[in-house]
Visitor: 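What follows is a structure written as structure tokens; I'll ask about it next.
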2 protein chains.
Amino acid sequence: MELRRADIIAKEIEERIFDGSYADGERLDEVRLARHFGVSRTPLREALQRLALSGLVELVPRRGAFVRQPGPVELVEMFEVMAELEVVCGRLAARRISEAALAELRDANARCQAAVDACDPDSYYSANARFHQIIYRESGNSFLEAETRALHRRLEPFRRRQLRLRGRMAQSMSEHEAIVEALERGDAEEAAEALRRHVAVQGEKFLNLMLSLRRAAE
Amino acid sequence: MELRRADIIAKEIEERIFDGSYADGERLDEVRLARHFGVSRTPLREALQRLALSGLVELVPRRGAFVRQPGPVELVEMFEVMAELEVVCGRLAARRISEAALAELRDANARCQAAVDACDPDSYYSANARFHQIIYRESGNSFLEAETRALHRRLEPFRRRQLRLRGRMAQSMSEHEAIVEALERGDAEEAAEALRRHVAVQGEKFLNLMLSLRRAAE
DNA sequence: CACGACGATCTTGTATACAAGATGGTTGAC
DNA sequence: GTCAACCATCTTGTATACAAGATCGTCGTG
């Protein structure tokens, strides 16, 4: 047995929550899940604890674990925080970014463009994620980087839905270019604002998000 | 038997890590701790998992749990993020704060002043914490509030050390007043900047922080 | 004398057994 | 007929037992 099983199980359940296999409010039966994963309740409970800490399930004492999908309000709040974290990363990165990292950004952007041309949302998503994570890293603050990545990851399933909307990928691309430009110039405020515009969920984007939520709820 | 014991144990161990009873890198022996708390290894392991998620201990598979005090670099990073979160809270609060909350802030500030006059760092600390938490709440973003409070709590022991320094309380007070003023005027940028100045760790504050770390390490 | 391999022992990871609280249905009284 | 209390059952929380990997000392060899 090479690794801790609880990690694997937690990730698996997380995946199921993300992709909607487990509905909001659903109780996660320990013995059922334990049987399903072929383990005892001990490592499974560890996995549930872990998920509870990330906020994906709610652990009610003596009652069990319940899936806790963020509601519309909480989602908007999380996106707002995400935007602000990106802004902070961008502002710091504008001052601290290296020439090599700028090249990496341009490369990531090129891959984004290729994905847009190929109309491939999945590879666009991964190239886009790389783009952003370079900026997190170049903030020069590992703690900030870790926190930002964690939230990014948590919002991943919702972002992904948004991307499938018409024209979103192309728009996203041009925003990327504005960000890179600002970072090249070392213009912290412009980088910050470009990122804020890029990430913020507001107006029609907000509406779209809510609609996709409705769809996912069925 | 009333509540989940793992919570209580986790909090207890957390306290010990915070106050330095457990040194950095120290291994936390499961059976020893279990005996100490009068429980079996099962709830104790749950507690360790929890602490691992908060970053207070490192869980090395098949090796055990090790206390992981943040080093100087990580601490500075955490304070930088803390400052940015406060800034975000302040900026949002400036737009969203209610008249009642402003009154609460003035009240908290009065308590701070009373603590300064009485030279009572402990009650200053709690009044100060209340002051800041009102701002987090008035950001109108529960998720942001929760995240900010979590980091605030994690940095508490280090903040507390800083407060004992000469003149820090009085200076802190005047900064509070500037913050309240900006919030009253609804001046988001000024509130943000006032908070940044208030929370940022830089210059001699940085030095002091490092020194207090040294002291704690012994 | 130094280095490496082997094994005893200890510690963690997992499974199972047991205890205690929660749920839901049934029964009885009003 | 309705409401409430009680009991059976189920589920979680905790303890203990067992398995597997890691540490460290010892012994043997070069």
Side-chain angles (χ1 to χ4, degrees), chain A residues 1-18 20-70 150, chain B residues 1-18 20-70 150:
Chain A
M1 258 105 278
E2 64 288 13
L3 202 60
R4 185 167 293 142
R5 305 200 216 205
D7 284 316
I8 302 159
I9 296 166
K11 230 183 154 183
E12 185 79 26
I13 296 175
E14 193 181 271
E15 207 56 48
R16 303 248 174 160
I17 294 174
F18 280 166
S21 300
Y22 297 134
D24 185 39
E26 185 174 338
R27 194 174 69 85
L28 296 173
D29 189 282
E30 289 182 2
V31 294
R32 217 179 86 83
L33 283 172
R35 261 207 304 266
H36 177 265
F37 287 109
V39 297
S40 83
R41 278 176 55 222
T42 312
L44 191 121
R45 280 174 60 83
E46 285 189 7
L48 289 180
Q49 303 261 346
R50 207 158 300 203
L51 295 171
L53 265 287
S54 345
L56 283 135
V57 309
E58 191 173 3
L59 237 47
V60 183
R62 295 276 175 200
R63 295 281 313 276
F66 298 86
V67 176
R68 201 177 155 301
Q69 294 276 18
Chain B
M1 247 121 273
E2 67 283 14
L3 202 62
R4 185 166 293 141
R5 305 199 215 204
D7 284 316
I8 303 158
I9 296 166
K11 228 182 155 185
E12 184 78 27
I13 297 175
E14 193 180 271
E15 207 57 47
R16 302 250 174 157
I17 294 175
F18 280 166
S21 300
Y22 297 133
D24 184 39
E26 186 173 337
R27 194 174 69 86
L28 297 174
D29 190 281
E30 290 181 3
V31 294
R32 217 178 87 84
L33 283 172
R35 261 206 305 266
H36 177 265
F37 286 109
V39 296
S40 83
R41 278 176 54 222
T42 313
L44 192 121
R45 280 174 61 83
E46 286 190 6
L48 290 180
Q49 304 260 344
R50 208 157 301 202
L51 295 171
L53 265 286
S54 343
L56 283 132
V57 309
E58 189 173 4
L59 235 50
V60 182
R62 297 274 176 201
R63 296 281 311 276
F66 298 86
V67 177
R68 203 179 155 299
Q69 295 275 20

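Labels below follow one simple rule: chain letters A, B, ... track the order of the sequence lines, proteins then strands, and each chain is numbered from 1.
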Visitor: Which whole-number value in Å describes the distance from A:L33 CG to C:dT14 P?
Guide: 16 Å

Visitor: Hey, does A:R45 reach any base, or is it just sugar-phosphate, or nothing, if we go heavy atoms under 4.0 Å?
Guide: base

Visitor: For A:T42 and B:R45: C-alpha separation, side-chain torsions, deciding distance, then whether side chain to side chain contact (heavy atoms under 4.5 Å, CB included) applies.
Guide: CA-CA 10 Å; A:T42 312; B:R45 280 174 61 83; 5.8 Å; no

Visitor: Identify which nucleotide among C:dT16, C:dG13, C:dT11 has an atom closest to any side-chain atom of B:P61, counting heavy atoms from C-beta outward.
Guide: C:dG13

Visitor: How far apart are the C-alpha atoms of B:R68 and B:I17, what are their side-chain angles, what is the distance that settles it, and do they pass the side chain to side chain contact (heavy atoms under 4.5 Å, CB included) test?
Guide: CA-CA 9 Å; B:R68 203 179 155 299; B:I17 294 175; over 6 Å; no

Visitor: Does a nitrogen or oxygen in the side chain of B:R27 sit under 4.0 Å from OP1 or OP2 of C:dT12?
Guide: yes

Visitor: Could you state the CG-P distance from A:D7 to C:dT12, rounded to the nearest angstrom?
Guide: 17 Å

Visitor: In this structure, how many angstroms lie between the P atom of C:dA22 and the CD atom of A:E30, rounded?
Guide: 15 Å

Visitor: On the nucleotide C:dA15, are OP1 or OP2 found under 4.0 Å from the side-chain N or O atoms that A:S40 carries?
Guide: yes

Visitor: How close or far is atom P of C:dT14 from atom CZ of A:F37, stated in whole angstroms?
Guide: 14 Å

Visitor: Rounded to the nearest angstrom, tell me the gap between atom CG in B:L44 and atom P in D:dA15.
Guide: 10 Å

Visitor: Nearest heavy atom decides the nucleotide; on that basis, is B:E46 or B:R41 closer to the 5' end of DNA chain D?
Guide: B:E46

Visitor: Rounded to the nearest Å, what distance is computed from the CZ atom of residue A:R35 to the C1' atom of nucleotide C:dA15?
Guide: 15 Å

Visitor: Under the side-chain contact (heavy atoms from CB on, under 4.5 Å) rule, collect the residues that match up with A:R35, sequence neighbours excluded.
Guide: none

Visitor: Roughly, in whole Å, what's the span from CZ in B:R63 to C1' in D:dG21?
Guide: 11 Å

Visitor: Taking everything shown except A:R16 itself, do over 12 heavy atoms lie less than 6.0 Å from its CZ?
Guide: yes

Visitor: Check the distance between D:dA19's C1' and B:R62's CZ and give it to me in whole angstrom.
Guide: 8 Å

